[in-house]
Every structure is written in structure tokens, then in C-alpha cells.
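Here is how names work: the chains are called A, B, and so on, in the same order as the sequence lines, proteins then strands, and each is numbered from 1.
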There are 2 protein chains.
Amino acid sequence: MRMAELSAESGLPVATIKFYLREGLLPQGVRTSATQATYGDAHLRRLRVIRALIDAGVSVARARKVLATLDEPPDEVAALLAEAHAAVAPSGEEDVPLAEIEDLAEQLGLQCWTHRPERLAEVARAMRTLREAGFALPPEVMRTYWTSMRHIAAAEIAEIPVGDPDEAVRYVVLGTALVEPLLLALRRVAEQLATVERFPPNP
Amino acid sequence: MRMAELSAESGLPVATIKFYLREGLLPQGVRTSATQATYGDAHLRRLRVIRALIDAGVSVARARKVLATLDEPPDEVAALLAEAHAAVAPSGEEDVPLAEIEDLAEQLGLQCWTHRPERLAEVARAMRTLREAGFALPPEVMRTYWTSMRHIAAAEIAEIPVGDPDEAVRYVVLGTALVEPLLLALRRVAEQLATVERFPPNP
DNA sequence: TTCATTGGCTAGTAGTACTATCTAATCTAG
DNA sequence: CTAGATTAGATAGTACTACTAGCCAATGAA
């Protein structure tokens, strides 16, 4: 496939594809001469992944990290997940006091949180933001959040395909980045449903 | 409170506060003369909410809508929630074919989805993005997403305070916008936990 | 041979969230 | 009552992001 074709197939302007090439999101094609290269199906698939990431709100810089993880995955699943998380998660600038993290770990019933506190720190930051806005999160709701997320995580991790490592990497990395908008959208639908149940509309 | 004080108390530069004033995120202070105005605690609290929204990833334009909902809430809870959702949700440009939405509604077991299809369309878009990236979401996982989100929504809606309308508005509007990062962060912690359970690290 | 295509380069654009400066009016302290 | 500080309001500038557009020389296909 040549550039014009790749552009037509993917629906993206040539200039944009060149941009992704420059930014290292899309690997170079196979050079056939000084001013010519060909691209394969892998490039087309990659472009679709790039668009999916960017449409999902991932920045170009983070998308590059996600794709790097996809290309050179660590062999331990936990490390793979951690890399995917680090690539997608917002990296908070100010750090969270240890005491706050310890409190949180206790609240969630975690013992061995010490080996990777970044994700927990992110939870703490989100809760601080809530507090600073003057929003009191009912403890009951917080408990539901946590148990629901444990359910979700259990289901997700249980479905990691074990046969094909490539498939597993894809599942973990894309599942991390692309499922977030889906979950939030489902929450909104569920909230509207629960609302009309609790507060039936006037006739 | 004068501008300098408001700036000191909130920790925000004067220029930034003036920007929020211009953008209509922060209401004007009480004018005492042609070049002087005073601000109250309400302004300080509002600034905290603005920062929380913006830190949570809400754009200035969307924050303005959220705050407008906070200031002039509709009296029906369902309408309030819908406005809050519309303010924070990504508004997809391309629309989703009706057939796709109908399929989805059936899959989720919804009957009366017709009166407000926007949120459902958002779910459909998220799923399409997933599909286009070549990510096959296991049906079992999708089911878990949905049941978990219904649990979450039930807990959230059940805790809407009924006594004080102001508190209810605050709870719904801020809960919509500010809880999202918390949920995603909790999911990441839960995923790491589930992973070390299913794939114990090598010794 | 002739003309369209392309890689590689550089520069420009639109949008977002501030940030800085200026002016003239006012307020405050001495 | 005056000198210096403060401030509203306006305008312009900045840094960053995600493209977008143009050019040029080398190539490839007719």
C-alpha cells in the first residue's frame, strides 16, 4: 500500500498520517527508494488504534506511550498493566502525604499497597479534589464504588486471554485506555434510570 | 474581601481570577465604585469549585455550563441530572444509527430508552470506538460493567439529599463531574489487585 | 520524457487556558 | 490634600496541542 492508499483506506488526510509518522505513533513503512515507501495492513490497523486512543481523549504523548507498551510489552502481566496504567493515568504533579494514602488503604481494606502507591495516590488526589470542592461523598457510596470496581476488575482480569500473548497485551492495554469512556457513559445511563425510578416524573 | 485577598485566600493569581470573571465562571463582585469591588465567601467557594472542575479535566466551556446548572437548576431531579450530564459528557459529532441504539437497549434490558437517547448514543459510540480499534469486549465483562454501574447509580441516587434543594443540586452536579476521576482511579487500583491475585509475581 | 506521487522538512493554524501590561479611576496613609 | 498603592476593564501576548499546508528534490509510471 502506498501513502495515498493508506490515507484513503484509513480516511485520514496524508498530512495527518505524516504527522503520526513524525511523532512516532505509526512505524515507518518499508522504504523502496529515497522518496517511496509501502505500508501494510499493520499500518492500517495501527492507524485505527491511534484514532481510537485519540478519540477516547488520550493525548498524542500518552498514546505514544500506550503504543510503545503494545509494541514492547513486559512479560509479567502485572508489569504490563502497570505500564498501561502509567501511560493513561493523569500524572498528578503535587504528591500526596503518606498518611493520607495509609488512611485510604485502610478504608479500602488493603494490606500490601506499598509496592505500587501511584494508583492509590491518584485515588487520594481525586478524593481531595472532591473535598476541596465542598462535596461530601457519603461513605456508603464510596463503599459501593470500591466493591463495584473490584467486581469489574475481577471480571476483566479473569478474561485476559492466556493462549496468545499478543492478544493478552492488546486486551490489557486497549482495555485500560478505551474502556474508560464506556464505563462513564454506562454510569450516566444507569443514573438516569435510577433517577426516574426514585423520582418519577410528574404526569 | 478585595481582589488581592481573594487571590491570596484562593491561591490563584489575580490575572487568573480576572480571567474566570471574564469567562463568566465567577460572578462579579459587589461594585463599590467605578474601579473597586468586593467579594464574599461565596466567591471563594465558587473558585474552589472551578478549580476542582478544571483539575478534574472539565474544560472552561463545560465548567461554565456545569456552574450555570448549579446556579439555575431545573426543579425536576431528572432534568437536573440530564443537564449535568449534558454539561460534562463529550458531545459526539457523528450520530449513531438508530438500529445500533436499539440493539444496545435490548442488550442492556432497557424498555423506555426513547425519551432521552443521547446518553445511550454515547455508550454506542464508546463501543464502536472499541470495535474499530479491534478490541473484542467479552460479553461477560460487558454484563459486569452494566450491573456494576447500576449498583453504583442506585447507591448514588439513593443518597441524594431531599431536605435541602441546594445540597441536592450540589450533590448531583458535582457528583456527575467530579466523581469520574475517582471511579477510574479506583478501577485501576482494583485491576492491579486482581492481577496480582490471578498472576502471582515470580519469587 | 513528462508528470503525478512521495518523503522529509519547515512553517502556519485554530483552539485552550491562562498571563502580562496598560490606563484611568479610586482608595488609603501620612 | 497629596503621593503611592490598588483595582476594573481592556487588549495583547504566551505556551501548548493537534493538526494542516506548502515546498523541494527524488522517484515511478505512462
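- With respect to A:Y145, the side-chain hydrogen bond (donor to acceptor under 3.5 Å, both in side chains) criterion is satisfied by exactly one of B:R187, B:H151, B:E156: B:E156.
- Contact footprint of chain A on DNA chain C: nucleotides with an atom under 4.0 Å from a non-hydrogen protein atom, first to last in 5' to 3' order, C:dT5 to C:dT10.
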Practice item. Apply side-chain contact (heavy atoms from CB on, under 4.5 Å) to A:L182 and B:M142, showing your working. Key: CA-CA 10 Å; A:L182 173 62; B:M142 181 62 188; 4.2 Å; yes
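- Mapping B:R22 and A:A4 onto DNA chain C by nearest heavy atom places A:A4 at the nucleotide closer to the 5' end.
- For the ring-ring contact (aromatic ring centres under 6.0 Å, His included) condition, the pairs that include at least one residue of residues 23-48 of chain A, sequence neighbours left out, are A:Y39-A:H43.
- Using a 4.0 Å cut-off between charged nitrogen and carboxylate oxygen, B:E191 and B:R188 do not count as a salt-bridge pair.
- Within 4.0 Å of A:E5, counting heavy atoms only, lies no atom of the nucleic acid at all.
- A donor atom on one side chain and an acceptor atom on the other are not found under 3.5 Å apart for B:H85 and B:E118.
- Residue pairs meeting the salt bridge (charged side-chain N to carboxylate O under 4.0 Å, His left out) criterion with at least one member in residues 38-47 of chain A, sequence neighbours excluded, are A:R46-A:D71.
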Review point. Reading nucleotides 23-30 of chain D from the 5' end, what letters show protein touch, with B for base, S for backbone sugar-phosphate only, - for no heavy atom under 4.0 Å?
Key: ---BSS--
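- Judged as a side-chain hydrogen bond (donor to acceptor under 3.5 Å, both in side chains), and not counting sequence neighbours, B:S148 has no contacts.
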Practice item. Begin from the C-alpha positions of B:R51 and B:R48 and carry the test side-chain contact (heavy atoms from CB on, under 4.5 Å) through to its verdict. Key: CA-CA 5 Å; B:R51 284 313 313 171; B:R48 284 198 244 280; 5.8 Å; no
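- Against DNA chain D, the stretch residues 48-63 of chain A makes heavy-atom approaches under 4.0 Å through A:R51, A:I54, A:S59, A:V60.
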